[in-house]
**Student:** 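Dropping the structure in here first, questions after.
All values below were derived from every heavy atom in this structure, side-chain atoms included, with hydrogens, water molecules and symmetry-related copies excluded. In each ligand, atom 1 is the first atom listed, and ligand 1 is the first ligand listed.
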Amino acid sequence: MKKMSSLLALSLVTAILCGIWSFAAEAAGLPGWAGFAGCTAYFASGKHGAAGLKKAIPTNLTGVLCAVAIITLSDLAPALGSAGVWCALLTFVMCILAKYELFDYCPGTFIGCFSTFAAGGDWMVLAPVLVFGAFLAAACDYGGVRLYEAVTGNYKRNGGKIMTNEQLIAEAKKAREHAYTPYSHFQVGAALLTKDGRLYHGCNIENAAYGPTNCAERTAFFKAVYEGEREFEKIAIVGGPQGEEADVMCAPCGVCRQVMMEFCNPKTFQIVLADGKGKWIERTLEEMLPFGFGPDNLK
Ligand code: THU
């Protein structure tokens, strides 16, 4: 029986750390709310650990920079336009920057921007507090996982550490060795992590009639669902020609994306695509299957 949900663990740790921050900020004369803005930027990114910090911090700081530009330009050259005109221009810049991966988390940029206005343009205090807020959120996130593990005995960890994408990819590589591929000789492995931290491996299993072939991702899902799992956190996939390290990243086929849609929240379920040389990217199911059709459509 579950003694604690991961949400309860996260809520408790967040309450304690945010409470401490609130007291400390007040005592130090810092804008406590700005810490929570940085914190929100991290959590709303849907990413965890270093990936969450990488989403929140660069975008927050870009937003601060844009707000400072709006304020400075409006003061320096009022004849060239009101704050409204500069605001329109810089807002455009904040949106268009999203084409670069480092800045593609637009909500972070806007949080940084409006927080600067809320701080009266005092970016020298605001910017470090926003960055601190992102770290505060990462600490709540990490602490929540640790508390959950300590109370329930379910491990999101592997070998004493939080299961990193690299470790999940290593599991997908192990799974790949089990592939049955006498026809395509293309071997795929998948490692599926449940919300409770359990791991399910899958490989592709081919068939002389070709059509009944099962992909690695679906093998992992079907094994897990049979075992009673219904809540999933992420999947790592590695695929390439038999007997070789995967050269390029192998993306899940459309059928597998649809199977994920049945069991996963498209906004939060993460798909990690990796090659055999240490390169990987992480995308949500919604990014991989926009406007997906799922159980909610039938409600
Ligand atoms: N395959 C997978 O297992 N997963 C994917 O995401 C793409 C394709 C398998 C199916 C088949 O056995 C082989 O790769 C070639 O299509």
**Student:** Mark up the atoms of ligand 1 that fall under 4.0 Å of a heavy atom belonging to Phe186, in ascending order.
**Tutor:** 14 (O)

**Student:** Do Cys215 and ligand 1 have an N or O pair less than 3.5 Å apart?
**Tutor:** no

**Student:** Verify ring pair (Phe, Tyr, Trp, His ring centres under 6.0 Å) between Phe232 and Phe269, making sure each step is shown before the conclusion.
**Tutor:** CA-CA 7 Å; Phe232 300 98; Phe269 183 69; 7.0 Å; no

**Student:** Any heavy atom of Gly239 closer to ligand 1 than 4.0 angstrom?
**Tutor:** no

**Student:** In the protein, what heavy atom is nearest to atom 6 (O) of ligand 1, and what distance, to one decimal place, separates them?
**Tutor:** Glu217 OE2, 2.6 Å

**Student:** Would you mind checking if Glu282 and Lys234 are paired as a salt bridge, meaning a charged N to carboxylate O distance below 4.0 Å?
**Tutor:** yes

**Student:** Closer than 4.0 Å and a protein heavy atom, does any atom meet both conditions relative to atom 16 (O) of ligand 1?
**Tutor:** no

**Student:** Does the residue Ala251 have a heavy-atom contact with ligand 1, meaning some pair of atoms that are separated by less than 4.0 Å?
**Tutor:** yes

**Student:** Heavy atoms only, cut-off 4.0 Å: how does Ser184 contact ligand 1, side chain, backbone, both, or neither?
**Tutor:** side chain

**Student:** What atoms in ligand 1 come closer than 4.0 Å to a heavy atom of Glu206?
**Tutor:** 11 (C), 12 (O), 13 (C)

**Student:** Number the atoms of ligand 1 from 1 as they appear, then name those within less than 4.0 Å of a heavy atom of Cys253, with their elements.
**Tutor:** 6 (O)

**Student:** Does ligand 1 have any atom sitting under 4.0 Å from a heavy atom of Cys256?
**Tutor:** no

**Student:** Tell me whether Thr181 reaches ligand 1 (any heavy atom closer than 4.0 angstrom to a ligand atom).
**Tutor:** no

